[in-house]
Student: 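The structure's right below; bear with me while I get my questions together.
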Protein chains: 2
Amino acid sequence: MVESSEEKKRISESTIHRLSIYYRALSLLEKEKHETISSKELAKREKLTPAQVRKDLSFFGSFGTRGLGYNVVELKQKIAGILGINRQWRVALIGLGNIGSALVSYKEFVRQGFNIMKLFDNDQRKIGSNHKGIIVSDIKNLESELKEANIEIVIIAVPATVAQYIVDNVVEAGVKAILNFAPINLRVPPDVYLRNENMSMELEYLSFAMVNNHTPKRVKI
Amino acid sequence: MVESSEEKKRISESTIHRLSIYYRALSLLEKEKHETISSKELAKREKLTPAQVRKDLSFFGSFGTRGLGYNVVELKQKIAGILGINRQWRVALIGLGNIGSALVSYKEFVRQGFNIMKLFDNDQRKIGSNHKGIIVSDIKNLESELKEANIEIVIIAVPATVAQYIVDNVVEAGVKAILNFAPINLRVPPDVYLRNENMSMELEYLSFAMVNNHTPKRVKI
DNA sequence: TGTTTTATGTGAAATGGTTCACAAATAAAA
DNA sequence: TTTTATTTGTGAACCATTTCACATAAAACA
């Protein structure tokens, strides 16, 4: 069964996140020269269940061989296709503070086809400077430069106080996907995808777990 | 009803993450001088449902007043207590690459009581240098210095290739909570809490959503 | 070639999480 | 005070996700 982008099957967020996990595991397996992998072995490696692995994949097709398992290279490519990372994405990053600066050099992004092509900041000392081969643009020119560079995804790494204002401009420029690192809940129109990255949240989870002797059934997906 | 740390109620991960969200929202409401907030209004602000807010809180007690809502300051303190962020945590950070360096200056951590007291790296050029008032230690002395400083939480920001080795040492030093930024699945004993922060995952979700015209019912908690 | 073993793919059952709906309690208004 | 309007707290209903269990198919072996 082949997935078409028209059919609005409800794939859960957890399934999509696990696909990311499978992809990463398969990349490693490829390096380790494994030719095939069973759902059992893949599950064991990532602390999941074999049924979960098979069920997740079954939403998108049947990629395995009974009695053998999955071909590592082939499954990796299939998942890349499902996740849309078998192509290059044009990304802009706004805000070159601590987090922003770190993300410019984050190799994992490039490895998955997320190419940061544009950098923006409002600080005169940063504007015009060169970060990893990219000249930092003035935030004043945000809208026109986002359009001009055909940016598809924007990463927000500005202070919470100005994040909503920036996002409004990004939306105005026609960008449909935003990854937000500012610790605030942003408003976007319904046709814009917004995801939040909250780095304190997992520390808070650890804190909660320790204080409450929490016993989770299994690790977070 | 009061929560005791002995009773092993199964609180879902989602509930805990939403408590983080409520806490953040309440901090903002406090600044904005709101005295009380209803579940309806809080839900609206964070794109959740009123029933969800009330149900989440009900697992830990009844903190509201019927006909009025919740007292902002009081509820914030209650949640801080539940999450264990009404105290200070002694944190160490290992790896001063891009991500590690950014995290040292991440104000959100300090604001929630997560104090980075120790920094470790294996690079001779970094060892002995001063980051935000902390002298970088040699990773060779990891175990003894973690113990000596009574570190409770360790943040791993080293390359994936060495992460497991480092974690084994951290566990050996008796640390029971680890936040991992390396893109790899780490093994820890069952009594050690491990959480993973995977910054590519949310970009992959955006990519998936765009390629598949995905229509999530609501935004990620 | 036939038999045994392994492992997938998937309905169905079980589990877990969210939303509903309403009694109870308090605030606000009359 | 009494009435009306709000809003909480929570079982029960509903919905989503995970796990089970097994038919099916291919591989491995005899």
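All heavy atoms count here, side chains included; hydrogens, waters and symmetry mates do not. Residue numbering restarts at 1 for every chain, and letters A, B, ... go by the order of the sequence lines.
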Student: Looking at B:Val162, B:Val175, B:Ile156, which hits side chain to side chain contact (heavy atoms under 4.5 Å, CB included) with B:Val167?
Tutor: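 The option that passes is B:Ile156.
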Student: Are A:Thr15 and A:Asp56 close enough that a side-chain donor and a side-chain acceptor fall under 3.5 Å?
Tutor: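 A pair is found: one side chain offers a donor N or O, the other an acceptor, under 3.5 Å apart.
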Student: If only side-chain N and O atoms of A:Thr49 are considered, is one of them under 4.0 Å from the OP1 or OP2 phosphate oxygen of D:dT19?
Tutor: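 Checking D:dT19 against A:Thr49, a side-chain N or O does come within under 4.0 Å of OP1 or OP2.
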Student: Rounded to whole Å, how long is the line connecting atom CG of B:Leu75 with atom C1' of D:dT7?
Tutor: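 My rounded result for the distance is 14 Å.
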Student: For A:Ser12 and for B:Lys40, locate the closest nucleotide of DNA chain D by heavy-atom distance; then report the residue assigned to the nucleotide nearer the 5' terminus.
Tutor: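 On the 5' side of the pair lies B:Lys40.
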Student: Tell me whether the OP1 or OP2 atom of C:dT8 has a side-chain N or O from A:Ser62 closer than 4.0 Å.
Tutor: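 Indeed not, no polar side-chain atom of A:Ser62 lies that close.
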Student: Could you tell me how far apart B:Asn71 (CG) and D:dT8 (C1') are, to the nearest whole angstrom?
Tutor: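 It works out to 15 Å between those atoms.
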Student: Rounded to whole Å, how long is the line connecting atom CD1 of B:Ile16 with atom P of C:dG17?
Tutor: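 Going from B:Ile16 (CD1) to C:dG17 (P), I get 10 Å.
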Student: Can you confirm whether B:Phe109 sits close enough to B:Leu103 that some side-chain heavy atom of one is under 4.5 Å from a side-chain heavy atom of the other?
Tutor: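 A side-chain contact under 4.5 Å exists here.
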Student: Check the distance between D:dC15's C1' and A:Arg10's CZ and give it to me in whole angstrom.
Tutor: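 In whole Å, D:dC15 C1' lies 12 Å from A:Arg10 CZ.
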Student: For D:dA26, does OP1 or OP2 lie under 4.0 Å from any side-chain N or O of A:Thr65?
Tutor: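 No, no such contact exists.
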Student: Below 4.0 angstrom from OP1 or OP2 of C:dT19, is there any side-chain N or O of B:Gln52?
Tutor: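 Indeed, a polar side-chain atom of B:Gln52 lies that close.
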Student: Whole-Å distance between C:dA7 P and A:Lys44 NZ?
Tutor: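 For the pair A:Lys44 NZ and C:dA7 P, the rounded distance is 12 Å.
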Student: In this structure, how many angstroms lie between the C1' atom of C:dG17 and the NZ atom of B:Lys55, rounded?
Tutor: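 The distance from NZ of B:Lys55 to C1' of C:dG17 comes to 10 Å, rounded to the nearest Å.
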Student: Under the 3.5 Å rule, do the base of C:dT8 and the side chain of A:Arg66 count as making a donor-acceptor pair?
Tutor: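 It does, because a donor-acceptor pair links the side chain of A:Arg66 to the base of C:dT8 below 3.5 Å.
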Student: Please report, rounded to the nearest Å, how far the P atom of D:dT24 is from the CG atom of A:Leu68.
Tutor: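 After rounding, the reported distance stands at 21 Å.
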Student: Can you measure B:Phe63 atom CZ to D:dT8 atom P for me and round it to whole angstrom units?
Tutor: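 To the nearest whole Å, that distance equals 14 Å.
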Student: Would you confirm whether A:Asn185, through its side chain, and B:Arg45, through its main-chain N or O, come within 3.5 Å as a donor-acceptor pair?
Tutor: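 Pair found, side chain donor or acceptor close to backbone of B:Arg45.
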Student: For a quick check of understanding: with a heavy-atom distance under 4.0 Å over all strands, which category does B:Thr15 fall into, base, sugar-phosphate or nothing?
Tutor: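 Result for B:Thr15 = nothing.
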Student: Taking for each residue the nucleotide of DNA chain C bearing the nearest heavy atom, is the 5' side occupied by A:Ser39 or by B:Gly67?
Tutor: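 Here A:Ser39 is the residue nearer the 5' end.
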Student: Less than 4.0 Å between a side-chain N and a carboxylate O, is that true for B:Arg195 and B:Glu13?
Tutor: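 Here B:Glu13 pairs with B:Arg195 in a salt bridge, since their nearest N and O are under 4.0 Å apart.
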Student: Given C:dG9, D:dG9, C:dT18, identify the nucleotide with an atom nearest to the side chain of B:Ser14.
Tutor: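 When the side chain of B:Ser14 is considered, C:dT18 is the closest of C:dG9, D:dG9, C:dT18.
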Student: Between A:Tyr70 and C:dG9, is there a side-chain N or O to OP1/OP2 distance below 4.0 Å?
Tutor: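 A:Tyr70 to C:dG9 OP1/OP2: side-chain N or O found under 4.0 Å.
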